[in-house]
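Each chain gets a letter, A, B and so on, in the order its sequence line appears, and its residues count up from 1.
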2 protein chains.
Amino acid sequence: MSERRPGIADVARAAGVSASTASVVFSGKAPVSQATRGRVLSAAAELGYTGPDPRAASLRRGRSGIVGVLFMEPLRTAFLDPVKTAMMDGLTEGVAALGAGLLLLHDDATGNGDLLTSAPIDAVVVINSSDAIGEALALLRARGVPIVVIEGDAAAGVPRIGLNDREAQRLAAAHLAQLGHRHVVVLALPPRRDRARDWLDADDEIRFDVTRDRLAGARDLFPDAAAFAVEENSIDEGVRAGRALLSSRERPTAVIAQSDLLAAGVIRAAEDAGLRVPEDVSVTGFDGVRVDGLDGYELTTLVQPAFEKGRAAGAAVARMLAGEEAASITFTCTFREGTTTAPVRIPSVG
Amino acid sequence: MSERRPGIADVARAAGVSASTASVVFSGKAPVSQATRGRVLSAAAELGYTGPDPRAASLRRGRSGIVGVLFMEPLRTAFLDPVKTAMMDGLTEGVAALGAGLLLLHDDATGNGDLLTSAPIDAVVVINSSDAIGEALALLRARGVPIVVIEGDAAAGVPRIGLNDREAQRLAAAHLAQLGHRHVVVLALPPRRDRARDWLDADDEIRFDVTRDRLAGARDLFPDAAAFAVEENSIDEGVRAGRALLSSRERPTAVIAQSDLLAAGVIRAAEDAGLRVPEDVSVTGFDGVRVDGLDGYELTTLVQPAFEKGRAAGAAVARMLAGEEAASITFTCTFREGTTTAPVRIPSVG
DNA sequence: TTGTAAGCGTTATCAT
DNA sequence: ATGATAACGCTTACAA
């Protein structure tokens with residue numbers, strides 16, 4: 001008695017039409033008379049047919065309607081970052097235009113090499129790639145899967161959605177310079193995976209280009225600025241780093257943080273150390289996201305169009321799927337002056 | 001010249017074997033001699049064949065290897081919550097055992113009704129469902145898609161992964177009672193969607209069962225405790241609510257927050273108001289997650305196995321896919337005393 | 001250990 | 001507007 005689920009052929013038969021006609025009723029790809037349409041639909045309802053099996057449709061169409069999102073880190077840390085979640089929202093919207101959904105992939109341990117090969121994905125968006133991605137990228141290209149990269153080293157021919165990080169960061173640096181700051185320290189994002197929290201040496205290899213470019217932008221104004229790199233983009237890391245930065249005897253008058261989360265951490269650390277922001281120390285961030293828990297301050301920062309970046313990636317995917325060329329895009333950040341920067345205080349003459 | 005991509009049949013032909021043998025070489029579902037195996041593999045390499053087309057395999061097997069995760073809110077707010085991201089990590093691991101990946105779905109505006117019907121998903125995990133999900137659930141059941149619910153109103157016959165919220169919250173309340181607290185206020189999660197931040201009336205409808213159960217647990221000890229509900233689970237909401245709670249003339253001696261994020265916000269608000277935690281006001285949280293930016297306090301809270309919950313949901317999906325019955329599971333929270341609760345201060349006798 | 005054969009459930013094309 | 005036909009690319013009994 002275990003009936004197998006009805007297929008479109010069953011529906012067609014019950015409605016007295018051909019399978020192709022029934023198919024068209026569901027896809028809407030061709031005109032159908034009201035009469036037949038009605039008969040097909042009620043036959044479907046009768047049989048409990050809920051529409052074409054997506055698996056079969058995928059095969060026939062050569063499209064699954066699924067776009068992979070490949071992260072270089074565990075989801076937990078990726079989603080800790082408001083920029084990434086905003087991007088995900090944008091990406092969701094971008095691929096929704098395609099009628100597609102997002103499949104989570106991460107280049108990290110168990111079973112994911114598998115998914116990369118075995119998941120029915122039409123395209124992949126890579127988030128914040130680094131060299132570590134080489135293998136995965138090669139796999140995907142061999143499969144002929146279109147790839148778009150957001151913030152990272154795109155291989156040749158891979159469209160990249162990025163920011164004018166260097167120029168943007170330079171704006172914040174210029175702002176501080178104009179306020180009279182001379183002793184500035186950069187609080188940097190991780191330079192590469194698995195690198196311990198520490199000062200950045202001149203010969204430290206910086207593999208993440210966001211880190212590299214923002215640092216370059218800061219040093220365009222402050223060539224000698226020291227840089228301290230965290231292990232992870234979070235408020236707590238900012239607090240820890242902030243403690244280190246602010247307790248040194250040669251305390252900087254300003255901190256250029258490479259993210260708003262880090263900036264929030266620095267501010268917290270400053271408060272804890274009895275320093276006032278911006279009176280005793282100025283702090284700039286980067287991203288322009290709402291930082292949960294930074295109530296009371298308006299961060300001086302660079303506002304990046306995170307949502308737009310995601311949506312643009314979705315659009316690029318759509319173009320590639322349509323067989324067109326998708327160009328790389330560089331978005332522009334806008335400088336926003338907040339309440340966390342102020343003119344440097346002239347040391348009172350002893 | 002536009003060659004179509006090679007299929008397994010091409011590989012088989014080139015290797016001088018049958019398609020089924022070639023198939024088995026890739027799936028490993030049956031023994032193959034080293035010799036043929038080698039020939040097939042090199043033929044594949046030769047032709048640039050990267051393995052079976054997942055779309056075709058899906059159809060044939062009747063499985064896509066994709067599990068949908070259905071959120072009731074935009075990703076941005078869902079992922080703001082560390083509990084949800086930990087759960088996602090667990091879920092990822094849980095379905096990885098199945099060789100499956102996670103497809104993001106949200107019951108929210110554009111095109112998602114579509115995905116629910118048109119995405120090739122083998123099962124769906126619903127996060128924090130409320131009644132709003134009714135329609136989506138019905139759709140999925142009609143399609144015959146197995147469903148598992150995490151924290152929410154499961155329809156009859158749908159396995160649910162949940163917590164002993166009421167009993168757990170009661171522990172924290174008892175802890176406060178034992179410390180001598182009598183005037184306690186509950187800081188509650190949203191009672192339903194789109195409900196403004198405000199005090200909870202007796203006749204307020206509470207649709208999210210987490211909110212309802214934790215409130216019940218608190219009132220088991222403090223039947224008359226007032227409750228203030230936020231709009232969203234975040235530190236900032238906690239700060240805002242905290243300001244309201246702590247500035248009232250009849251200031252409570254303790255606040256039972258229904259999440260760690262809210263608790264963190266209350267603590268922040270207390271600090272801002274010049275109150276010390278726990279000396280002037282005790283605060284308890286719920287979740288036991290690391291709260292970014294709450295450096296310095298160890299929250300008294302209920303630790304919930306968020307990761308485990310996700311993994312259990314994955315396991316339940318696996319069972320259902322294997323045709324077995326999957327039972328509902330209730331996880332247990334453990335009470336953890338931190339530094340944010342202390343004996344109530346006896347008002348000095350005037 | 002390998003091969004044969006029969007689909008899996010659709011949809012695109014072309015003809016009517 | 002509708003129907004007949006032929007794939008889409010693979011997997012899995014079953015037979016040899």
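Using modelled atom types, no side-chain atom of B/Arg61 and backbone atom of B/Ala56 make a donor-acceptor pair closer than 3.5 Å. Between the side chain of B/Asp10 and the backbone N or O of B/Gly7, at least one donor-acceptor pair lies under 3.5 Å. A donor-acceptor distance shorter than 3.5 angstrom exists from the side chain of B/Arg63 to the backbone of B/Leu321, with no hydrogens or angles considered. With hydrogens and angles disregarded, no donor-acceptor distance shorter than 3.5 Å links the side chain of B/Arg193 to the backbone of B/Glu73. Side-chain atoms of B/Arg160 do not come within 3.5 Å of backbone N or O of B/Glu151 as any donor-acceptor pair.
Look at CZ on A/Arg13: it is 13 Å from C1' on C/dG9, rounded to the nearest Å. In this structure, NZ of B/Lys29 is placed 16 Å from P of D/dC14, rounded to the nearest angstrom. For the pair A/Ile8 CD1 and C/dC8 P, the computed distance is 15 Å after rounding to whole Å. Rounded to whole Å, the distance from CZ on B/Arg143 to P on C/dG9 is 14 Å. Protein atom CG of B/Asp10 is 9 Å distant from nucleotide atom P of D/dG9, rounded to whole Å.
Side-chain contact between B/Val40 and B/Phe26 is present, with heavy atoms from C-beta onward closer than 4.5 Å.
Using a 4.0 Å heavy-atom cutoff across all strands shown, A/Tyr49 reaches sugar-phosphate atoms only and no base atom.
OP1 or OP2 of D/dT11 sits under 4.0 Å from a side-chain N or O of B/Ser23. Here B/Ser33 reaches the OP1 or OP2 of C/dT2: one of its side-chain N or O atoms lies under 4.0 Å away.
Among residue pairs with one or both ends in residues 37-57 of chain A, those qualifying as side-chain hydrogen bond (donor to acceptor under 3.5 Å, both in side chains) are A/Arg55-B/Asp122; sequence neighbours excluded. Legend: side-chain hydrogen bond (donor to acceptor under 3.5 Å, both in side chains) pairs involving residues 15-25 of chain B, not counting sequence neighbours, sorted by first then second residue: B/Ser18-B/Ser20, B/Ser18-B/Thr21.
In DNA chain C, runs of at least 3 consecutive Watson-Crick or G-U pairs, each pair with both distances below 3.5 Å, span C:1-16 with D:1-16.
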Contact letters for nucleotides 3-8 of chain D, in which S counts primed atoms plus P, OP1 and OP2 and B counts the base, heavy atoms under 4.0 Å:
BB-BBB
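A/Glu324 and A/Arg319 are not joined by a salt bridge, as no carboxylate oxygen comes within less than 4.0 angstrom of a charged side-chain nitrogen. A salt bridge is absent between A/Asp89 and A/Lys84: the closest approach of a Lys/Arg side-chain nitrogen to an acidic carboxylate oxygen does not fall below 4.0 angstrom.
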Find every protein N or O atom lying less than 3.5 Å from an N or O atom of nucleotides 14-16 of chain C, and list the pairs.
none

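With sequence neighbours excluded, the residues forming a side-chain contact (heavy atoms from CB on, under 4.5 Å) with A/Leu80 are A/Glu232, A/Ser234, B/Arg290, listed by chain and number.
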